[in-house]
Every structure is written in C-alpha cells, then in structure tokens.
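We count ligands from 1, going down the list as the structure has it; atoms in each ligand are counted the same way. It should be emphasised that the depicted structure is a prediction, and the values quoted were computed from it without experimental measurement.
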Amino acid sequence: MDVLLPRTLEEALEMKAAHPQTVPLAGGTDLMVDLNFGRLRPPSILDVSRLPELRVLSREDGHCFLGAGVPYSRITAELGEFRPLAQASRSVGSPQIRNRGTVGGNLGTASPAGDILPVLAVYQAEVDLVRPGDTRALAWDRFLLGPKRTAIAPDELIAGVRWKVFRGTGSFSKIGTRNAMVIAVASLCLVLDEDARQVRAALGSCGPTILRAAAAEDYLTAELRRAGSWDDPACRLGQPVIDAFAERVADAARPIDDVRGTAAYRRHGLRVLARRALAWALEDRRQGR
Ligand SMILES: Cc1cc2nc3c(=O)[nH]c(=O)nc-3n(C[C@H](O)[C@H](O)[C@H](O)COP(=O)(O)OP(=O)(O)OC[C@H]3O[C@@H](n4cnc5c(N)ncnc54)[C@H](O)[C@@H]3O)c2cc1C
C-alpha cells in the first residue's frame, strides 16, 4: 500500500484528484482500526495530518472556523468558551486519542455515536469541502447522510467547520457503560440560544444519524416565553414542564437495539440526560454564567 505525504493542502488536493481511491488519514484513530481489522484495504493512504491549512482555528465576522485537523486536546485547551464543544472533546476516548483524533475524522467517519456531531448540529455548523480550485459549504445535515455515510465527493477533502457564534448556556453529555473511554449509548447537546431566544437540542447514538429534537425545542422555547424566563432567568419552570420536555426529547429518537444498548434503554437515557441538561442550563442562566 502506498502512503502519500503532501506538505500543503494544494498538494493534497492534487493527489486526491489524481488518486480518487486514496483514503485520507488524519489522526488515524478510526481508520487504523478498520485497517488493522481488515475491514478496509485501500490502494493508498493520503496523510493529511501535517497540513497547516487544516490546523487553523479562527474567529471572523461573528463566526468561528475550526480546521478539520485540529485535535480534541487543542479544542479543550483553546475553545473553552464553547462549553458543549469542549465538553464533547474532553469526553472522547483517552488522552492519547484526544491528542490524535480530529473533528475532520469524526465527520469523515460519520458514526451516529460521534461525540462532536450533536454539538455541530446544535451550532448549525457548515462543513467546508475543498477540491482543486473550488470550495463548497454544506449544512451539517446535508453532509451527514446516514450511518457512516456522507456527501463528500471522491475528489474532496474536509477543510473544517464553521458556525455563527451566539450567546447562551448549554452542555454536551453522554451515557455509556463507564465514565471514560466509552462510545456513547446515547448523547445529548442542549443549548439555550439567548440571541434568537430559541432552544436547540440534538441527539447522538439514538438514530441512523444525528437528530435534532424539533418538537422538544419548540415546546421548551414556548414554555420559557410563557414563564417570562427569556427576559428574567430567575423565573422558574415547573417540574411538569421539565418532564414534558424530556419526554419530547426521548420521542425524537429513532433508536435500535444493538451491542451497546437497547432502544428502550436509549430512550430512558435521553429522558435522564434531558432533565439534567435543562437543570444545568437553567441554573447557569440564573447564576449569570
Ligand atoms: C480507543 C478509542 C476510543 C474512542 N473514543 C471515542 C469517543 O469517545 N467518542 C468519539 O466520538 N469517537 C471515539 N473514537 C473514534 C475516533 O477517535 C474519532 O471518531 C476521531 O474523531 C477520529 O478522528 P481521526 O483524526 O483519528 O480520524 P481518522 O481515523 O484519521 O479518519 C477517520 C475518517 O475520516 C476521514 N477523514 C479524516 N480527515 C479527513 C479530511 N480532512 N477530509 C476527508 N476525510 C477525512 C478518513 O478518511 C476516515 O474515513 C475512539 C477511537 C478509539 C480507537
């Protein structure tokens, strides 16, 4: 098997165009598992881990851009202000995996259990795809098409993701068989967007791809308005409202039974995650955090 070693993004794109069957390798924490288990035998590997263009982190015009090659350890260290993103990054694998694993790799694998993906869904992120002489931006839900399926073309690479920065409290949390080094059995990203006065919630590991819980979002958005809570964070929501929100989150799931958990357990887990995430978000707002 050949290994292609481009030094710049331009060189990498030329190589990809010339060898469409070549498979990009970033941190290798997903790809090497597939190679080692014999699930994949591409004619060549394109090492994109050294491309400076993919390691860019920038803020411009109220947007944040996160390069595909930025590893989780850097996100945790440098993007702490995006709390759900930092929490999701901190929950991936082990320190070794977080030093190697990248956002581009999480997107490229497109597992419904990818921890960064519900956060990108809540941020309404766009994925920048590049090919020689051309760039296109795809909304996260037009990029992720199904379990391990994406809209990337054979001559394209993921350059990074971009989202509009907004004010609001929120979190990423996941359920697994233990606290660390675990693939999510169910995960939830919840954010209260103070600018749009809109609740945003996305589920991981509970459907064929990442799902937004639209009915739950609309319900809670309206209840926060009814309670006067968008204007005054001290206004409280009753327990029936919190429970009804959690129920709607669970209803948004399209889970299956698999080796990691049953559909019923995933729905139960989502109710728990939703109640907890909402309690944290409301308390953070009350404390002005
Ligand atoms: C022990 C262990 C624990 C793990 N724990 C977690 C966890 O808790 N949560 C979680 O979400 N994941 C976990 N993972 C999976 C993995 O670490 C993540 O999905 C990680 O984000 C993959 O990134 P990478 O850079 O290593 O990708 P790679 O393995 O290099 O690539 C993954 C896929 O993305 C493609 N790709 C990578 N970069 C690009 C690019 N720029 N353009 C186009 N395609 C690209 C590759 O071709 C490949 O198909 C774990 C893996 C291991 C081995």
Side-chain angles (χ1 to χ4, degrees), residues 3-4 6 8-9 12-13 15-17 19-37 39-56 66-76 85 87-121 127-131 135-136 138 143-144 147-161 172-187 189 204-205 210 260:
V3 178
L4 309 174
T8 64
L9 180 58
L13 292 174
M15 288 174 175
K16 190 80 178 93
H19 308 271
Q21 300 303 317
T22 194
V23 175
L25 177 137
T29 60
D30 276 327
L31 189 63
M32 291 311 295
V33 177
D34 280 344
L35 289 180
N36 289 340
F37 277 93
R39 292 193 284 253
L40 195 70
R41 203 68 200 160
S44 60
I45 296 287
L46 178 71
D47 182 355
V48 296
S49 69
R50 298 160 214 216
L51 305 181
E53 296 90 338
L54 301 191
R55 296 187 154 248
V56 171
L66 172 56
V70 175
Y72 298 114
S73 51
R74 233 186 110 197
I75 296 176
T76 317
L85 181 69
Q87 287 173 331
S89 300
R90 209 176 298 125
S91 86
V92 172
S94 58
Q96 294 89 336
I97 298 293
R98 293 194 287 274
N99 279 335
R100 293 290 308 173
T102 64
V103 173
N106 217 233
L107 281 161
T109 296
S111 159
D115 284 331
I116 294 304
L117 307 181
V119 179
L120 298 182
V127 182
D128 275 7
L129 298 171
V130 277
R131 58 156 62 103
T135 301
R136 63 176 177 141
L138 274 187
F143 176 82
L144 296 173
K148 307 212 167 180
R149 277 200 313 120
T150 73
I152 194 165
D155 62 346
E156 285 179 321
L157 289 173
I158 305 165
V161 287
F172 168 86
S173 49
K174 72 186 191 188
I175 286 181
T177 44
R178 55 189 182 188
N179 259 346
M181 275 289 283
V182 75
I183 301 291
V185 177
S187 66
C189 181
S205 231
I210 306 305
R260 274 182 273 129

Asks: Would you mind finding which of Gly101, Gly67, Gly108 brings a heavy atom closest to atom 49 (O) of ligand 1?
Replies: Gly108
Asks: Quick one: which ligand 1 atoms are inside 4.0 Å of a heavy atom on Thr102?
Replies: 20 (C), 21 (O), 23 (O), 24 (P), 25 (O)
Asks: Using a strict 4.0 Å cut-off to heavy atoms of Gly27, name the atoms of ligand 1 that fall inside it.
Replies: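 Heavy-atom distances to Gly27 below 4.0 Å select 24 (P), 25 (O), 26 (O), 30 (O).
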Asks: Closest by any non-hydrogen atom to atom 18 (C) of ligand 1: pick that one out of Asp47, Leu157, Asp30, Thr109.
Replies: Asp30
Asks: Students should be able to answer this: which protein heavy-atom is nearest to atom 44 (N) of ligand 1, and at what distance?
Replies: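 I find the closest protein heavy atom is Pro24 CG, 3.8 Å.
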Asks: Might you point out which heavy atoms bring Val130 and Ala159 nearest each other, and give the distance in Å?
Replies: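 Of all heavy-atom pairs spanning Val130 and Ala159, the closest is CG2-CB, 4.1 Å.
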Asks: Is the closest N or O pair between Ile183 and ligand 1 shorter than 3.5 Å?
Replies: no
Asks: Side chain, backbone, both or neither: which part of Val103 has a heavy atom under 4.0 Å from ligand 1?
Replies: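 The answer is neither; Val103 stays 4.0 Å or more away.
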Asks: Between ligand 1 and Lys174, can you find any atom pair, the residue atom being a heavy atom, that is separated by under 4.0 Å?
Replies: yes
Asks: What protein heavy atom sits nearest atom 21 (O) of ligand 1, and how far off is it?
Replies: Tyr72 OH, 2.4 Å
Asks: For atom 16 (C) of ligand 1, find the nearest protein heavy atom and state the residue, atom name and distance (0.1 Å precision).
Replies: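 The closest one turns out to be Thr29 OG1, 3.2 Å.
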Asks: Check each heavy atom of Ser91 against ligand 1 and say whether those closer than 4.0 Å belong to the side chain, the backbone, both or neither.
Replies: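 Backbone only.
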Asks: Rounded to the nearest 0.5 Å, how far apart are OG of Ser111 and CG of Asn106?
Replies: 7.5 Å
Asks: Would Met181 count as a contact of ligand 1 if the rule is a heavy atom under 4.0 Å away?
Replies: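 Met181 counts as a contact of ligand 1 under the 4.0 Å cut-off.
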Asks: Compare all side-chain heavy atoms of Leu157 with those of Leu13 and state whether any distance is below 4.5 angstrom.
Replies: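 Side chain of Leu157 against side chain of Leu13, heavy atoms only: contact under 4.5 Å found.
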Asks: Should you measure from each heavy atom of Val23, which atoms of ligand 1 turn up under 4.0 Å away?
Replies: 47 (O)
Asks: With a 4.0 Å cut-off on heavy atoms, is Val182 touching ligand 1?
Replies: yes
Asks: When you measure from atom 10 (C) of ligand 1 to each heavy atom in Leu25, Asp115, Ile158, Ile116, which option holds the nearest one?
Replies: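 Nearest heavy atom to atom 10 (C) of ligand 1 lies in Asp115.
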Asks: For atom 27 (O) of ligand 1, grab the closest protein heavy atom and report residue, atom and distance to one decimal in Å.
Replies: Gly105 CA, 3.3 Å
Asks: Identify, for atom 36 (N) of ligand 1, the protein heavy atom at the shortest distance, and state residue, atom and that distance.
Replies: Gly104 O, 4.1 Å
Asks: Given side-chain contact (heavy atoms from CB on, under 4.5 Å), test Ser44 with Gln21 step by step and report yes or no.
Replies: CA-CA 7 Å; Ser44 60; Gln21 300 303 317; over 6 Å; no
Asks: Identify, by atom number and element, the atoms of ligand 1 in contact range of Gly114, meaning under 4.0 Å from any of its heavy atoms.
Replies: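 This gives 11 (O) as the contact atoms.
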Asks: Out of all atoms in ligand 1, which are within 4.0 Å of some heavy atom of Ala26? Include the element for each.
Replies: 25 (O), 30 (O), 37 (C), 38 (N)
Asks: Which pair of non-hydrogen atoms, one from Arg260 and one from Ile183, has the smallest distance, and what is that distance?
Replies: NH1-CG2, 3.3 Å
Asks: Can an N or O of Leu31 be found at a distance shorter than 3.5 Å from an N or O of ligand 1?
Replies: yes
Asks: Can you tell me how far CG of Asp30 sits from CG of Leu40, rounded to the nearest 0.5 angstrom?
Replies: 11.5 Å
Asks: Judged by non-hydrogen atoms, does Leu107 sit under 4.0 Å from ligand 1?
Replies: no
Asks: With atoms numbered from 1 as shown, which atoms in ligand 1 lie under 4.0 angstrom from a non-hydrogen atom of Ile152?
Replies: 43 (C)
Asks: Can you tell me how far apart OH (Tyr72) and CG (Asn99) are? Round to the nearest 0.5 Å.
Replies: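 With rounding to 0.5 Å, OH (Tyr72) is 12.5 Å from CG (Asn99).
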Asks: Using the rule side chain to side chain contact (heavy atoms under 4.5 Å, CB included), only one of Leu54, Val103, Val56, Ile75 pairs with Val70; which is it?
Replies: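 Exactly one pass, corresponding to Ile75.
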Asks: Does Arg98 use its side chain to pair, donor to acceptor, with the backbone of Arg90 at less than 3.5 Å?
Replies: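 Pair found, side chain donor or acceptor close to backbone of Arg90.
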Asks: To the nearest 0.5 Å, what is the distance between CE (Met15) and CG (Asp47)?
Replies: 10.0 Å
Asks: Within this structure, what is the CD-CG distance for the pair Glu156 and Leu129, rounded to the nearest 0.5 Å?
Replies: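 Answer rounded to 0.5 Å: 4.5 Å.
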Asks: If I apply the N/O under 3.5 Å rule, does Val92 come out as touching ligand 1?
Replies: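 No; every N/O pair is 3.5 Å or more apart.
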Asks: Is there a nitrogen or oxygen of Gly93 sitting under 3.5 Å from a nitrogen or oxygen of ligand 1?
Replies: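 So ligand 1 has an N or O lying under 3.5 Å from an N or O of Gly93.
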Asks: For Arg131 and Asp155: C-alpha separation, side-chain torsions, deciding distance, then whether salt bridge (charged side-chain N to carboxylate O under 4.0 Å, His left out) applies.
Replies: CA-CA 6 Å; Arg131 58 156 62 103; Asp155 62 346; 3.0 Å; yes
Asks: Please could you name the atoms of ligand 1 that Gly28 approaches to less than 4.0 Å, counting only its heavy atoms?
Replies: 24 (P), 26 (O), 28 (P), 29 (O), 30 (O)
Asks: Working note: Ile158 + Val127, criterion side-chain contact (heavy atoms from CB on, under 4.5 Å); need CA distance, chi angles, decisive distance, verdict.
Replies: CA-CA 7 Å; Ile158 305 165; Val127 182; 3.8 Å; yes
Asks: At what distance, to the nearest 0.5 angstrom, does CZ of Arg74 lie from OG of Ser89?
Replies: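 Here the rounded value is 12.0 Å.
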Asks: Would you kindly specify which portion of Ile97 sits under 4.0 Å from ligand 1, judged on non-hydrogen atoms: side chain, backbone, both or neither?
Replies: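 Contact part for Ile97 vs ligand 1: side chain (C-beta onward).
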Asks: Do Leu46 and Lys16 have side-chain heavy atoms sitting under 4.5 Å apart?
Replies: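 Side chain of Leu46 against side chain of Lys16, heavy atoms only: contact under 4.5 Å found.
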